[in-house]
Amino acid sequence: MNTNILVFGGGDHAKQVISILADAPNITILGIIDLNSQLLSQYPSIPMLGEDSILPQLALPTQTKCLIAIGDSYRRKAVFNKIKNLRPELEFYTLIQDGVQIHSTAQIDPGCVILSGAIIQNNCHIGAHTLIGSGSILEHDSTIGSFCTLGPGVVGGGNLRLGESSVIGLGTNIIHSIQIGSDVVVGAGSLVLKNIPDSVTAYGHPIHTLKERKPGDAWL
């Protein structure tokens with residue numbers, strides 16, 4: 001059965017997502033909702049539909065799902081809230097690229113994007129609209145909150161707890177049984193050996209700097 005996808009986002013992450021969808025069988029990209037015109041030349045056959053305010057007027061075929069292709073966790077959540085307000089009946093597509101390994105006991109919530117080479121082990125739970133970058137590894141019994149972002153090459157030990165809307169920079173290593181709060185940014189290449197509270201920016205090898213962070217602040 002064919003699935004129609006409406007893509008939200010026009011930046012670099014959207015280009016990556018669209019390239020994967022374009023190669024997938026039984027997927028039709030109905031259009032892109034964003035004001036960024038850089039995608040026009042790369043994907044001339046995919047309509048640029050405008051901004052999300054047009055959603056109520058769009059006539060959509062059956063089997064249409066949304067995919068929010070935005071790298072920034074805070075903006076991803078904001079767009080999700082707009083979609084649910086404007087078209088609450090729309091469902092969300094989960095994109096799992098070829099080459100991902102997911103244990104049969106793991107749970108992946110709707111709207112996630114999981115890129116090639118990622119490994120998700122037994123009893124993990126990945127919250128909705130989370131982005132897991134290429135080659136990231138999550139060991140057993142880990143729970144990742146909704147709207148999180150794990151950069152490429154992140155390694156999380158077993159029993160990791162990561163709060164909603166947090167960002168883990170590429171190449172970060174997190175030892176087992178660590179708890180990281182919500183709205184946290186961990187800088188690229190960090191080594192996490194202790195728990196991290198909500199709403200901070202932390203970085204270092206090992207982590208040595210923590211400063212207050214408000215939701216929506218720049219990653220670093």
Ignoring hydrogens and geometry, is there a side-chain-to-backbone donor-acceptor pair from Thr172 to Gly187 under 3.5 Å?
-> yes
Student check: side-chain heavy atoms of Ile207 and Val186 closer than 4.5 Å = yes
If you count the non-hydrogen atoms of other residues, nucleotides and ligands that lie under 6.0 Å from CZ in Arg75, is the total more than 12?
-> no
Any chance you could lay out the side chain to side chain contact (heavy atoms under 4.5 Å, CB included) test for Asp183 and Tyr74, step after step, and finish with the verdict?
-> CA-CA 8 Å; Asp183 297 306; Tyr74 182 79; 5.5 Å; no
Should Val155 and Ile174 count as side-chain neighbours, where that means a heavy-atom distance under 4.5 Å?
-> no
For Gln107, check side-chain hydrogen bond (donor to acceptor under 3.5 Å, both in side chains) against everything at least two apart and list the hits.
-> Asp109, His125
All heavy atoms of Asp34 vs all of Met48, minimum pair found to be O-CE, 3.8 Å
Sequence neighbours excluded - ring-ring contact (aromatic ring centres under 6.0 Å, His included) pairs with any residue from residues 139-165 = Phe80-Phe147, His129-Phe147
Just wondering, more than 12 heavy atoms not from Asn81 lying within 6.0 Å of its CG?
-> yes
Check whether any side-chain heavy atom of Asp198 sits under 4.5 Å from a side-chain heavy atom of Val200, and report yes or no.
-> no
Before giving the answer on side chain to side chain contact (heavy atoms under 4.5 Å, CB included), spell out for Leu191 and Leu193 the whole-Å C-alpha distance, their side-chain angles and the decisive distance to 0.1 Å.
-> CA-CA 6 Å; Leu191 175 61; Leu193 302 178; 3.9 Å; yes
Which of these, Ile5, Asn4, Ile46, sits in a side-chain contact (heavy atoms from CB on, under 4.5 Å) with Leu30?
-> Asn4
Does NZ belonging to Lys84 count more than 12 external heavy atoms closer than 6.0 Å?
-> yes
Which atom names give the shortest non-hydrogen contact between Cys148 and Gly163, and what distance separates them?
-> SG-O, 3.0 Å
Tabulate below the donor-acceptor pairs under 3.5 Å that side-chain atoms of residues 49-69 make, not counting sequence neighbours, or state none.
{"from": "Glu51", "atom 1": "OE2", "to": "Ser53", "atom 2": "OG", "distance (Å)": "3.1"}
{"from": "Thr64", "atom 1": "OG1", "to": "Pro61", "atom 2": "O", "distance (Å)": "2.6"}

Gln16/Leu115 under side chain to side chain contact (heavy atoms under 4.5 Å, CB included): CA gap, chis, key distance, verdict = CA-CA 10 Å; Gln16 185 176 32; Leu115 298 176; 3.5 Å; yes
